[in-house]
Protein chains: 2
Amino acid sequence: METRELRYFVAVAEELNFGRAADRLGIAQPPLSRAIAQLEHRLGVALLTRTSRKVSLTGAGEVLLAEGRAILGAVAAAERRTRAAAEDQPSLVVAAKAGSSGEVLAKLLDAYANEPGAVPVDLLLCESNPHLPLLDGRADVALLHEPYDPTAGLDVEVLGAEGQVAVVPSAHPLAGRSQLRMADVSALPDLARWPRRDGTYPDGSGVEVRNLTQLFQLIELGRAVVVLPEVVRNGLAEGLVAIPVVDAPQVTTVIAWPPHSRSRAVADLVRVATGFS
Amino acid sequence: METRELRYFVAVAEELNFGRAADRLGIAQPPLSRAIAQLEHRLGVALLTRTSRKVSLTGAGEVLLAEGRAILGAVAAAERRTRAAAEDQPSLVVAAKAGSSGEVLAKLLDAYANEPGAVPVDLLLCESNPHLPLLDGRADVALLHEPYDPTAGLDVEVLGAEGQVAVVPSAHPLAGRSQLRMADVSALPDLARWPRRDGTYPDGSGVEVRNLTQLFQLIELGRAVVVLPEVVRNGLAEGLVAIPVVDAPQVTTVIAWPPHSRSRAVADLVRVATGFS
DNA sequence: CGCAGCGATACCCGGCCGGTATGGATACCG
DNA sequence: CGGTATCCATACCGGCCGGGTATCGCTGCG
């Protein structure tokens with residue numbers, strides 16, 4: 001199986017339309033049809049069911065889509081990391097979610113900078129999932145939050161844990177309570193559309209939740225409700241209050257890096273991180 | 001970067017000889033030279049240093065070798081898993097190290113077999129590292145032992161932990177002791193050659209340690225010394241005794257599976273395993 | 001100095017990838 | 001119910017690239 005075939009299949013599987021997929025790939029539709037047919041023939045497996053009006057994935061196709069995405073990410077990562085290894089002066093890219101854990105990140109980078117043999121660090125602040133740049137080689141290390149961020153296929157080390165709080169408007173009936181339970185929160189109406197783990201949004205009405213400041217605005221307007229790690233207290237606006245949710249799962253901050261990482265700099269940074277946590 | 005190029009590069013990087021690599025790949029040497037040169041050109045990076053007498057890897061080459069092996073494994077896994085997903089009756093392959101944790105495995109398989117919706121289970125008993133079949137798709141789940149088996153790039157769930165014991169001949173001076181420390185053990189002579197984590201053996205004299213029964217024979221002959229998890233007591237031969245090593249790291253048995261696994265059967269098995277542990 | 005080993009270069013051929021043109025099936029619409 | 005638009009498959013052609021053979025250039029060794 002060649003990566004070209006995988007790119008083609010992933011494009012078709014995502015578009016579920018040969019014409020658009022060919023467009024996206026910058027080739028004509030017939031060669032694409034043929035390539036997919038060849039791939040299916042070589043695998044001896046039907047990946048798509050075509051009814052001249054609609055294309056859909058078979059079970060095997062769904063498996064190959066997931067595997068193929070991972071492989072294409074790994075290939076992109078391999079290219080980037082190979083090029084990075086050829087640079088005369090190494091550097092380190094750390095990914096973190098924008099607007100969270102600012103001070104733990106600062107402490108970590110300060111501590112690392114004082115290490116002997118420390119390397120210049122670039123920061124990559126992600127609006128969405130900070131684990132993605134790790135998978136395609138754009139970053140060398142990431143700060144993630146279990147269970148929010150997926151850590152599948154990554155090596156991780158736990159840095160710390162914290163409880164979660166519900167954020168509600170100060171004028172809200174629950175605002176006076178000293179603690180809540182998940183049941184209290186999930187009983188409240190939530191009119192916003194939340195991203196899925198892959199970053200896409202469900203269809204329907206409601207605003208798509210994209211970042212914290214926007215989310216807080218929605219909460220003030222009573223159009224969203226959310227349970228978040230305690231640190232959000234720091235950046236909380238005037239009209240909002242945070243109330244501990246006693247039975248919410250603990251959120252653990254972890255430092256993650258790709259498997260097979262042989263980089264001295266990554267090892268140093270992880271050691272520093274786990275040292276003081 | 002195409003997988004063909006990666007296959008070619010990995011072959012050359014492993015053989016460090018274009019002729020032998022071409023032989024292994026079943027092609028002639030000139031196209032191989034050209035393919036590697038093209039790959040280097042496209043990446044804009046030197047992967048190999050050639051001095052018409054010797055080929056060696058650059059730093060970037062070593063990175064690409066590691067990444068490339070992982071990618072080729074992932075591609076092989078993708079093909080196998082895609083084909084497996086097309087089978088009308090699903091099945092589950094469980095990998096475990098031959099000659100270890102027999103009873104935990106038996107308990108696990110029994111418990112799983114009683115699950116509703118259980119699927120036929122095939123066992124894959126590995127002489128060497130049981131994580132390898134996970135990486136290239138030959139197995140769906142593996143029982144591993146931290147820190148002996150590498151778990152990089154796998155999802156794991158801890159099943160249990162145990163201490164470690166030193167195995168020595170009954171006639172050995174230490175045989176009467178009730179407990180030992182690592183220092184006691186490492187002071188003893190060890191004439192055997194142990195496999196590295198990648199399965200290869202260092203050069204030199206001494207027998208290559210390949211499995212438990214052979215290892216026990218070496219110990220009886222006073223040619224090897226080893227610290228192993230407590231379970232080995234069960235299969236211990238007459239002339240050997242096991243003595244707890246109090247400061248050895250705990251060995252944890254983990255159940256591991258590839259990331260992105262969407263299989264119902266894998267999820268069921270993991271749930272059963274963590275349920276009773 | 002001659003030879004052997006090894007990678008690079010030169011050159012040719014065939015297969016495959018990609019393009020255009022077109023066919024066949026199906027849903028939608030007047 | 002016929003026309004049409006949409007969409008995937010097939011047919012066919014041309015150019016590129018991957019692979020083969022022959023050979024050269026370099027280097028360490030006897």
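Throughout, a chain's letter reflects where its sequence line sits, starting with A, and its residues are numbered from 1. Computed from heavy atoms alone, side chains included, the values below leave out hydrogens, waters and symmetry copies.
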Sort me out a list of protein N/O and nucleotides 25-30 of chain D N/O pairs below 3.5 Å, or just none if empty.
unit_1	atom_1	unit_2	atom_2	d
dT27(D)	O4'	Ser52(B)	OG	3.3

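By the side chain to side chain donor-acceptor pair (under 3.5 Å) test, Glu127(B) pairs with no residue at all, sequence neighbours left out. Partners of Arg34(B) according to the side chain to side chain donor-acceptor pair (under 3.5 Å) rule, which considers only residues two or more places apart in sequence or in another chain, do not exist here. For Glu115(B), the salt bridge (Lys or Arg N to Asp or Glu O under 4.0 Å) partners at least two apart in sequence or on another chain are Arg271(B). Residues satisfying the side chain to side chain donor-acceptor pair (under 3.5 Å) criterion with Glu2(B), sequence neighbours excluded, are Thr3(A), Arg7(A). In terms of the salt bridge (Lys or Arg N to Asp or Glu O under 4.0 Å) criterion, Glu79(A) has no residue partners (sequence neighbours excluded). When the salt bridge (Lys or Arg N to Asp or Glu O under 4.0 Å) test is applied to Arg42(B), the partners found at least two apart in sequence or on another chain are Glu5(B). In this structure Val225(B) satisfies the side-chain contact (heavy atoms from CB on, under 4.5 Å) test together with Val185(B), Leu188(B), sequence neighbours excluded. Under the side chain to side chain donor-acceptor pair (under 3.5 Å) criterion, Arg80(B) pairs with no residue, sequence neighbours left out. Under the side-chain contact (heavy atoms from CB on, under 4.5 Å) criterion, Ala77(B) pairs with Arg81(B), not counting sequence neighbours.
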Exercise for review: Can you check each nucleotide of nucleotides 9-14 of chain D against protein heavy atoms at under 4.0 Å and return B for base, S for sugar-phosphate only, - for none, in 5' to 3' order?
Suggested key: BB-B--

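Rounding to whole angstrom units, CG of residue Asp23(B) and P of dG19(D) are separated by 15 Å. Taking atom CD1 of residue Ile27(B) and atom P of nucleotide dT21(D), one finds them 12 Å apart after rounding to whole Å.
Residue Gln38(A) is in sugar-phosphate contact alone, with no base atom involved, counting any heavy-atom pair closer than 4.0 Å across all strands shown.
A donor-acceptor pair under 3.5 Å is formed between the side chain of Asn17(B) and the backbone N or O of Arg20(B).
For DNA chain C, the span of nucleotides reached by chain B at under 4.0 Å from its heavy atoms goes, 5' to 3', from dG5(C) to dC11(C).
Taking side-chain N and O atoms only, Asn17(A) has no distance below 4.0 Å to OP1 or OP2 of dT6(D).
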